[in-house]
Peer 1: 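Before I ask anything, here is the structure I am working with.
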Amino acid sequence: MEFGEKLKQLREEKGMTQQKIADKLYVTRQAVSRWECGARYPDLLTAKKIAEILEVSVDEMLSGEEIRQNVEKEPMLAKPAENILQTVLYTIAAVAFLLISVFGIYSYIPGELLGKTTVGKINLQGIVTVCGYVFNLLAVLTGLRLSIKNRLTAKATGYIMCLPYGNAGLSFLATYVDMQIKKNGHVGWDYLITNILVPFLFAACVLLFFVLEDQRIPYGAILLICVISTGYIALVTRHVFLRMTDLGFVSRTVHCLGEMGMVILLAYQAYIWNRKKKKAIKTP
C-alpha cells in the first residue's frame with residue numbers, strides 16, 4: 001500500500017477529516033489531499049508528526065525506500081525560511097544576470113561609444129558569451145519561479161546550477177577557436193585546462209551531485225568547487241579593476257554580483273540537499 005493510501009486509511013479509522021489533520025500540522029487541507037492522492041509527499045519531519053497524530057510508527061506510514069524516493073520528488077527546500085532565503089538569492093542573481101545580458105547585447109549595438117572598439121565587434125567569442133548570459137538569465141528565472149512556488153526539486157536545481165559553469169567553458173572554448181581561425185594568438189595547455197576543461201568538469205560534478213540518487217559525488221567536492229570559484233572570481237575581478245573604465249567598473253561589479261550570487265546559492269542548496277539525503281539514507 002502506498003503512503004497516500006495508508007494515510008487515508010489510518011485517518012478514516014481515527015475518524016479524522018483532512019482539515020483536522022491539516023490544522024494539527026499547520027498546513028492547508030489541499031496539502032493533505034495531495035498527499036493522499038500521491039501527487040505530493042510530506043518531508044521526513046512532517047511524516048513523523050503525521051505518525052504521532054495517527055498514533056502509529058513511521059515505519060507503518062512510510063518505508064525506507066518510499067522515503068528515499070519521496071526526498072527526490074519533494075521540493076529541495078521545504079521549510080519556509082529556507083525557501084525564502086533561496087528565493088532572495090535567486091532574485092539577486094536574476095537581477096545581476098539581467099543587467100549582464102543587457103550590457104552584453106548593448107556592446108554589439110552600433111554606436112559611438114562601443115561600436116568602433118574591439119568590444120563592439122561581433123565575433124564568435126562574443127556571440128557565444130552573450131548567448132551564455134541570456135541562457136544563464138533564463139535558467140535563474142526558471143529557478144526563481146520554481147522557488148517562489150516551492151516546486152524546485154533537486155534535479156531541477158542540478159540543471160540550473162551547472163549551466164553557468166558549462167556556459168563559461170563554452171565561452172572560453174569559443175575564444176580559443178576564434179583565435180585559431182584568425183591565427184592571432186597562442187594559448188598553452190594551462191589555459192585550456194583551467195578555462196575550458198575545469199568549468200566543464202565542475203558543471204558535470206554539480207549536475208551529478210543533485211541528480212544521482214546515491215551520493216557518488218561527495219558534498220566536499222561541491223564545497224571545493226565553491227571555494228575555487230570564489231577565488232577565481234576574486235582574482236579576475238581584481239585584475240580587471242586595475243585597468244578599467246567607468247563603464248567597465250559597473251559591468252564587472254554586476255558580473256561579480258551575479259557570479260558570487262550563484263556560488264553562494266550553490267553552496268547553500270548543496271548543504272541543504274546533502275543534509276536531506278543523509279536523513280533519507282539513515283532511515284531504515
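Because the structure is predicted, anything quoted here is derived from the model rather than measured. Counting begins at 1 with the first residue of the sequence.
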Peer 1: Atom CE in Met262, atom CG in Leu163: separation rounded to 0.5 Å?
Peer 2: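 Answer for the CE-CG pair, Met262 versus Leu163, is 8.0 Å.
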Peer 1: For residues Ile233 and Glu259, report the shortest heavy-atom separation together with the two atoms involved.
Peer 2: CD1-CB, 3.5 Å
Peer 1: Check whether the side chains of Gln9 and Glu13 place a donor and an acceptor atom closer than 3.5 Å, and report yes or no.
Peer 2: yes
Peer 1: Can you name the side chain to side chain donor-acceptor pair (under 3.5 Å) partners of Tyr232, sequence neighbours left out?
Peer 2: Asn195
Peer 1: Taking only residues two or more places apart in sequence, or in another chain, which ones meet Thr194 in a side chain to side chain contact (heavy atoms under 4.5 Å, CB included)?
Peer 2: none
Peer 1: Any side-chain heavy-atom pair from Lys14 and Glu55 closer than 4.5 angstrom?
Peer 2: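 Touching, per the 4.5 Å side-chain cut-off.
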Peer 1: Under the side chain to side chain contact (heavy atoms under 4.5 Å, CB included) rule, collect the residues that match up with Cys131, sequence neighbours excluded.
Peer 2: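 Per chain and number, Cys131 pairs via side chain to side chain contact (heavy atoms under 4.5 Å, CB included) with Ile127, Phe135.
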Peer 1: Rounded to the nearest 0.5 Å, what separates atom CG in Asn83 from atom OH in Tyr90?
Peer 2: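 Here the interatomic distance stands at 10.5 Å.
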Peer 1: Filter on salt bridge (Lys or Arg N to Asp or Glu O under 4.0 Å), then keep only pairs touching residues 191-204, sequence neighbours left out; what's left?
Peer 2: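 Those involving residues 191-204 do not exist here.
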Peer 1: Show your working on side-chain contact (heavy atoms from CB on, under 4.5 Å) between Ile100 and Leu137 and close with a plain yes or no.
Peer 2: CA-CA 9 Å; Ile100 292 172; Leu137 173 61; over 6 Å; no
Peer 1: Got a sec, which residues hit side chain to side chain donor-acceptor pair (under 3.5 Å) with Glu12, two or more places apart in sequence or on another chain?
Peer 2: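 Partners of Glu12 by the side chain to side chain donor-acceptor pair (under 3.5 Å) criterion come out as none, since no residue qualifies.
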Peer 1: Quick one: CG on Leu54 to CG on Leu7, what's the gap to the nearest 0.5 Å?
Peer 2: 6.5 Å
Peer 1: CH2 of Trp35 to CD1 of Ile21: how many Å apart, nearest 0.5 Å?
Peer 2: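 It comes to 9.0 Å.
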Peer 1: So, for Ile217 and Ala221, which heavy atoms are closest and what is the spacing to 0.1 Å?
Peer 2: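 Ile217 and Ala221 have their closest heavy atoms at CG2-CB, 4.3 Å.
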Peer 1: NZ of Lys155 to OG1 of Thr153: how many Å apart, nearest 0.5 Å?
Peer 2: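 It comes to 8.0 Å.
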Peer 1: Is there a side-chain contact between Phe210 and Leu266 in this structure, where contact means two heavy atoms from C-beta onward sitting under 4.5 Å apart?
Peer 2: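 With C-beta onward as the side chain, the pair touches.
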Peer 1: Is any side-chain heavy atom of Leu152 closer than 4.5 Å to a side-chain heavy atom of Ile160?
Peer 2: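 They are in contact (side-chain heavy atoms under 4.5 Å apart), so the answer is yes.
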Peer 1: Could you list the residues that satisfy salt bridge (Lys or Arg N to Asp or Glu O under 4.0 Å) with Lys20, not counting sequence neighbours?
Peer 2: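 Salt bridge (Lys or Arg N to Asp or Glu O under 4.0 Å) check on Lys20 returns nothing, list empty.
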Peer 1: Compile the donor-acceptor pairs under 3.5 Å between side chains in residues 196-209 and protein atoms, sequence neighbours left out, one pair per line.
Peer 2:
none

Peer 1: Identify every side-chain donor-acceptor pair in residues 138-148 under 3.5 Å, counting partners at least two apart or on other chains, and give the distances.
Peer 2:
unit_1, atom_1, unit_2, atom_2, d
Thr142, OG1, Leu138, O, 2.8
Ser147, OG, Gln86, NE2, 2.9
Ser147, OG, Thr87, OG1, 2.7

Peer 1: Stepwise, does the side-chain contact (heavy atoms from CB on, under 4.5 Å) test hold for Lys24 with Met16?
Peer 2: CA-CA 11 Å; Lys24 289 181 176 291; Met16 301 178 71; 3.8 Å; yes
Peer 1: What residues, two or more places apart in sequence or in another chain, satisfy side chain to side chain contact (heavy atoms under 4.5 Å, CB included) together with Val227?
Peer 2: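 Val227 satisfies side chain to side chain contact (heavy atoms under 4.5 Å, CB included) with no other residue.
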Peer 1: For residues 4-27, which residue pairs qualify under ring pair (Phe, Tyr, Trp, His ring centres under 6.0 Å), counting only residues two or more places apart or in two chains?
Peer 2: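 Of all non-adjacent pairs touching residues 4-27, none passes ring pair (Phe, Tyr, Trp, His ring centres under 6.0 Å).
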Peer 1: Is any side-chain heavy atom of Leu25 closer than 4.5 Å to a side-chain heavy atom of Ile53?
Peer 2: yes
Peer 1: State which residues pass side chain to side chain donor-acceptor pair (under 3.5 Å) with Ser229; sequence neighbours excluded, sorted by chain then number.
Peer 2: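 Partners of Ser229 by the side chain to side chain donor-acceptor pair (under 3.5 Å) criterion, ordered by chain and then number, come out as Tyr165.
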Peer 1: How far does OH of Tyr219 sit from OH of Tyr271, to the nearest 0.5 angstrom?
Peer 2: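 Tyr219 atom OH to Tyr271 atom OH measures 7.0 Å (nearest 0.5 Å).
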Peer 1: Main chain of Arg29, side chain of Ser33: is a donor-acceptor contact present, judged purely on distance under 3.5 Å?
Peer 2: no
Peer 1: What I'd like to find out is whether the side chain of Thr157 reaches to under 4.5 Å of the side chain of Trp273, using heavy atoms alone.
Peer 2: no
Peer 1: So do Arg11 and Glu36 actually touch side chain to side chain, heavy atoms under 4.5 Å?
Peer 2: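 Yes, at least one pair of side-chain atoms sits under 4.5 Å.
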Peer 1: So, using side chain to side chain donor-acceptor pair (under 3.5 Å) as the criterion, who are the partners of Gln19 when residues are at least two apart?
Peer 2: Asp23
